[in-house]
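Following: one structure in structure tokens, then a few remarks.
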Amino acid sequence: MTVFDFTRFRPMEVYDCHIHFRLREKDSGELESLTSKYTEVFEKARLSRIYMSAGNLGLYLKALDPSRYYIGLEIPSPKKKPDWYRFIESALESGFDGVGEMGSKPAPRAVRVPLDSPLFEGLWSSCEELGFPILCHVADPEEFWSEDTCPDWAKKRGWGPYGADYPTKEELYEEMENVLDTHPRVKVVLAHMYFMTADLERADEFLRSYDNVYLDLALGIELMYNISRRRDDWRDFFIKHRDRIVFGTDIMPWQSVEEAVTRVWMLRMFLETDEEFYTPPSADELLTRYEEPFIGLDLPEEALDKIYRENFTRIFGRGPKSLDVSKARRFLEEQGDDFALKVFEKALESRR
Ligand SMILES: [Zn+2]
């Protein structure tokens with residue numbers, strides 16, 4: 001394995017707001033190896049705390065390591081409107097720290113539920129009222145809407161090219177902004193910088209219009225590429241909006257330890273150094289696309305600390321919410337999630 005030198009970076013605490021953990025019941029034999037793979041990534045990449053999008057398995061992770069994991073609740077795609085308030089409140093009381101990653105990645109109009117749909121009424125207001133933050137993915141890079149510019153790895157995954165049966169990028173923005181207009185106090189972290197890095201002026205105006213939204217840095221390699229093309233302007237943007245940007249990586253179960261660590265390394269190179277660099281060979285396929293180099297932003301330490309830690313704690317809390325074992329158990333029973341319940345009990349067992 002390529003050994004990345006993390007000692008070159010500042011000795012700062014780094015929290016990651018955007019990591020995924022999932023496992024299907026039929027692969028349950030891999031639970032322990034997957035869990036220890038994540039632990040290895042966190043050590044090698046020097047991540048101290050994690051907001052984990054793991055659905056109900058989040059409760060398993062929290063039972064294992066309550067001081068490390070903040071956990072995000074998965075939102076079921078609603079066919080009819082559930083009692084959102086009750087759902088959110090019982091998740092919150094069980095020990096969930098927020099919602100997500102949920103979202104609105106482009107899907108055919110025929111099957112999708114828009115974020116501002118009446119079916120989601122009650123979800124946003126409950127989160128707003130209970131101060132429950134939401135990590136949300138809206139849209140995709142604009143290149144994914146065109147046959148010519150959509151990368152092969154995206155096509156292979158069914159992420160474009162999005163045709164006429166899909167919503168446009170602007171429609172997706174409009175749906176999100178309808179929600180933000182009606183729920184001005186809801187705290188939303190928009191993943192992948194809201195796919196707005198091709199338009200700095202618009203991103204600036206967006207942040208000035210909505211006080212409670214944050215942008216996460218999870219790649220989307222186009223993010224680092226676009227920012228590098230207007231590096232000095234974006235450096236000013238990062239300093240100006242240092243209270244609104246949150247570190248995140250989009251580490252996923254299918255990535256190897258090396259690929260996952262590479263994601264952290266690239267972002268830290270980008271934020272902390274002024275160097276030109278390229279996607280290293282150890283990166284996963286999703287980070288390949290460009291010939292031109294990325295150019296580091298060399299941010300001041302005070303801005304880095306906000307992006308790495310402080311903004312995260314302002315959104316998700318100083319520490320992870322504590323687990324209420326009996327409420328968590330009841331929550332999983334009510335969802336009928338036997339698999340999550342079984343591994344949750346196993347984690348509790350291992351603590352004894
Ligand atoms: Zn994600």
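As a basis for the values below, the full set of heavy atoms in this structure was taken, side chains included, without hydrogen atoms, waters or symmetry mates. Counting starts at 1 for both ligands and their atoms, in listed order.
Between F206 and Y210, the two ring planes are tilted [angle within 30° to 60°].
In this view, K342 satisfies the salt bridge (Lys or Arg N to Asp or Glu O under 4.0 Å) rule with no residue, not counting sequence neighbours. Applying the salt bridge (Lys or Arg N to Asp or Glu O under 4.0 Å) criterion to E32, with sequence neighbours excluded, gives no partner residue. With sequence neighbours excluded, the residues that form a salt bridge (Lys or Arg N to Asp or Glu O under 4.0 Å) with K156 are E285.
With 3.5 Å as the limit, one finds a donor-acceptor pair spanning the side chains of T262 and S282.
A salt bridge does not link R8 with E272: every distance from a Lys NZ or Arg NE/NH1/NH2 to an Asp or Glu carboxylate oxygen is 4.0 Å or more.
Shown are the protein N/O/S atoms under 2.8 Å from the Zn ion (ligand 1), given by residue and atom: H18 NE2, H20 NE2, E101 OE1, D250 OD1.
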